[in-house]
2 protein chains.
Amino acid sequence: MQDKKIRIQDVAAMAGVSVGSASRVLNQAANVSPDVRAKVEHAMAQLEYQPSHTARALRSRSSRTIGCMFSDITNPLYARAFRTLEDAFRADGYMLLLAHGLNDVERELESLRTFQTRGMDGVICAPGHERAPELVALMNSMSMPIVLYDREMPDTRADALLFDHVRGMKDACNQLFAFGHERIALALWNADSRPVRKRIEGYKAAYCAAGMEPPDLILRQPTPTSSVYEDLLRMLEGPAPPTALIAQGTHILVSALRAVARTGRRVPQDFSVVSIGDSDFTQTHDPPITALRTDAELVAAHAKALLLDRLSGRVQIVAPPRTVVAPYALIERASWATRR
Amino acid sequence: MQDKKIRIQDVAAMAGVSVGSASRVLNQAANVSPDVRAKVEHAMAQLEYQPSHTARALRSRSSRTIGCMFSDITNPLYARAFRTLEDAFRADGYMLLLAHGLNDVERELESLRTFQTRGMDGVICAPGHERAPELVALMNSMSMPIVLYDREMPDTRADALLFDHVRGMKDACNQLFAFGHERIALALWNADSRPVRKRIEGYKAAYCAAGMEPPDLILRQPTPTSSVYEDLLRMLEGPAPPTALIAQGTHILVSALRAVARTGRRVPQDFSVVSIGDSDFTQTHDPPITALRTDAELVAAHAKALLLDRLSGRVQIVAPPRTVVAPYALIERASWATRR
DNA sequence: GTGAAAGCGCTAACAC
DNA sequence: GTGTTAGCGCTTTCAC
């Protein structure tokens, strides 16, 4: 335990200046003489002064804290997002409060209200339901800037960071078409969320653009951690099996690979595989798996910029919503090949 | 945006009572007449009053916020821990600030200092180095209760939540011994952290208790996401190969399974496998994998109790450190069998 | 450039 | 049981 709580007055007293001057030094204000600055800084160091963040927040109306709400941090996608966000914001002295929405509107509302009450400077969130009216109403009533993480809520004033799922899916499909694959299975989580919607959109668009009818090869799982094993196995043993698969997320991918192996097919000789999302698993698998990958650092930088633009006044709080689109890169590895 | 900021004075005025009474209602104080309570609550609802968390924190010296510091939230173990912790604390109106330590002492120090500055009511953390003197010194200088998450830092005043790795490893080894396996490989992350130390301790203790010399079958990986593929393959193709494996974490497990499959061994007929840590992967794998599992909810409840005991005064802030040991359960599945 | 003083929104101590 | 008042520790006018 430390001896006693040092206040800014103690610093000012020791430095022989006023509280105001000490405050100005603390806040890196411009109009401070080098002499005063030196004295104050010395006193601060001497006393091991630790300013009260709470008092500063109350007076300056800025908590330097960002509220984050994702459905579930055990989803590796969100864990990665959060980690890079924390890195990015930490550099500017911000910290992140993390809440779980669990795709439950009530819980999401509660979390967002807490962010409001606690005076978050900004919010980054990915609500489970983009059309929930209570959510839209609450978000529009909140006083801080909001960035949506891969969600479209056109009735809100929130900025959005969107992944280019359509482009990514088209790229993957087109290359598979070029390899001679015309029956591509698609394994996804069965949610009515933007990522899933847009991936299916891109998948169908790719087929249409190639002059083909999109086949009935979409597998939708109840949760992101479901097993696609049984369904894919049935499909592979059916009359018109796919010759390639695009799968979202590690769990679905792993169980899909098991099903493929079970039928005696080898990757990539007999069957091509593409992962939506890159991970240690895709990279270290044998063979390494071709993946659609996003640049988490870049995404975090975008999210931070969207928020800080508004916080700094570079962009008016009331200015219309802005959108940043983040691309997918197609990382080509050994899990796909020309159809034999 | 909402029209204007409602303060507690507005509520009091509308209810026709003093701010003191309004505050008492807000804080669920006992000595408030039902009449006043009703009037205040009505006014609050009417005005959609949202109390300023910052002002309450400043005045009451409690932020109702817990600082969490784990090495990396992308580690599924910590993601799961954080999720259950957030659940547990949310029920009591606490929120969690999450920082990454990345096993970097400088960064850990910075995070902990921030927790102090920001007036966290408590801290839950798992520093990468249990003996770093600066860390010990800083933790002892901090004014809020601290709970260590599976770390032993005897020179600090922090409470600790410890997993019973030794017991867990002994249980797994003993059953494998009973199955006739005498050469058990152990694949771990190569850190000098409590979990790894204790697992090796339990492994060796099990061998000694069974009257055997611990074999030289421990594989240590540079990171928790490394591949153990090459090393295990070499071991399996060597002169005295293991007949069973205990592996820590999904990544190491996945690459180990690949190596086993590569040598033509089948699980469990030719080779038994145990996972340290249970996950969707171990449960949905074919065959399902025997796992050492902890009860995340129970662990979170323990951590919360350790902290809240001190915050509520049930346990003195200065009372000596306490320790809670969380057991591992051995979930027996089809990935192990009698040696043939 | 610096000091004095007001007050951010609330709780707690003390009257009554 | 309720009202009044003094701060929590800091930033921010506003004089000078």
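Residue numbering restarts at 1 for every chain, and letters A, B, ... go by the order of the sequence lines. No hydrogens, no waters, no symmetry mates; every other heavy atom, side chains included, goes into these values.
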So with a 6.0 Å cut-off around CZ of A:Arg80, is the heavy-atom count from everything else above 12? no
Of B:Ala55 and B:Ala30, the one whose closest nucleotide on DNA chain D sits nearer the 5' end is B:Ala30
Could you state the atom-to-atom distance from CZ of A:Arg24 to C1' of D:dT12 in whole Å? 9 Å
Under 4.0 angstrom, heavy atoms only, what part of the nucleic acid is B:Arg61 near: base, sugar-phosphate, or nothing? sugar-phosphate
Rounded to the Å, how far apart are A:His53 NE2 and D:dG9 C1'? 13 Å
Using whole Å, what does the distance between atom C1' of nucleotide D:dG7 and atom CD of A:Gln9 come to? 11 Å
Quick test of your reading of the model: are A:Asp72 and B:Arg83 salt-bridged, counting only N-O distances below 4.0 Å? yes
Taking 4.0 angstrom as the limit, do A:Arg151 and A:Glu130 come out as a salt bridge? no
From CD of B:Gln116 across to P of D:dG9 the rounded distance in Å is 13 Å
If the threshold is 4.0 Å, N to carboxylate O, is there a salt bridge linking B:Glu86 and A:Arg107? yes
Taking 4.0 Å as the cut-off, does a side-chain nitrogen or oxygen of B:Ser21 come that near to OP1 or OP2 on D:dG3? yes
Take B:Ser60 and A:Ala22, find for each the nucleotide of DNA chain D with the closest heavy atom, and name the residue whose nucleotide sits nearer the 5' end. B:Ser60
A:Leu96 vs A:Leu85 side-chain heavy atoms within contact, under 4.5 Å: yes
Starting at atom CZ of B:Arg37, determine the distance to atom P of D:dG1, rounded to an integer number of angstrom. 11 Å
Return the value, rounded to whole Å, for the distance between atom CZ of A:Arg59 and atom C1' of D:dG9. 11 Å
A:Asn27 side chain to A:Ala29 backbone, donor-acceptor under 3.5 Å: no
Outermost contacting nts on DNA chain C, any atom under 4.0 Å from chain B heavy atoms, listed 5' then 3', are C:dG9 to C:dA13
Can you measure A:Arg56 atom CZ to D:dC10 atom P for me and round it to whole angstrom units? 8 Å
What's A:Val19 touching, base or sugar-phosphate or nothing? Going by heavy atoms closer than 4.0 Å. base
Kindly assign one of parallel, tilted or perpendicular to the pair A:Tyr78 and A:Phe70, based on the angle between their ring planes and the thresholds 30° and 60°. parallel
Would you kindly give the CD-to-P distance between A:Gln50 and D:dC10, to the nearest whole Å? 11 Å
Is there a side-chain polar atom (N or O) of B:Asn31 under 4.0 Å from OP1 or OP2 of D:dT2? no
Measure the shortest side-chain to side-chain distance between A:Arg310 and A:Gln316 over non-hydrogen atoms and say whether it is less than 4.5 angstrom. no
Here's a test of your reading of the structure: between B:Gly20 and B:Thr54, which maps to the more 5' nucleotide of DNA chain C? B:Thr54
Any side-chain N or O of A:Ser52 below 4.0 angstrom from OP1/OP2 of D:dG9? no
Which part of the nucleic acid does B:Ser23 contact within heavy-atom distance under 4.0 Å: base, sugar-phosphate only, or nothing? base
Closest approach to the side chain of B:Ser33, judged atom by atom: which nucleotide of D:dT12, D:dG9, D:dG1 is it? D:dG1
Between D:dT2, D:dG9, D:dC10, which nucleotide gets closest to the side-chain atoms of B:Leu58? D:dG9
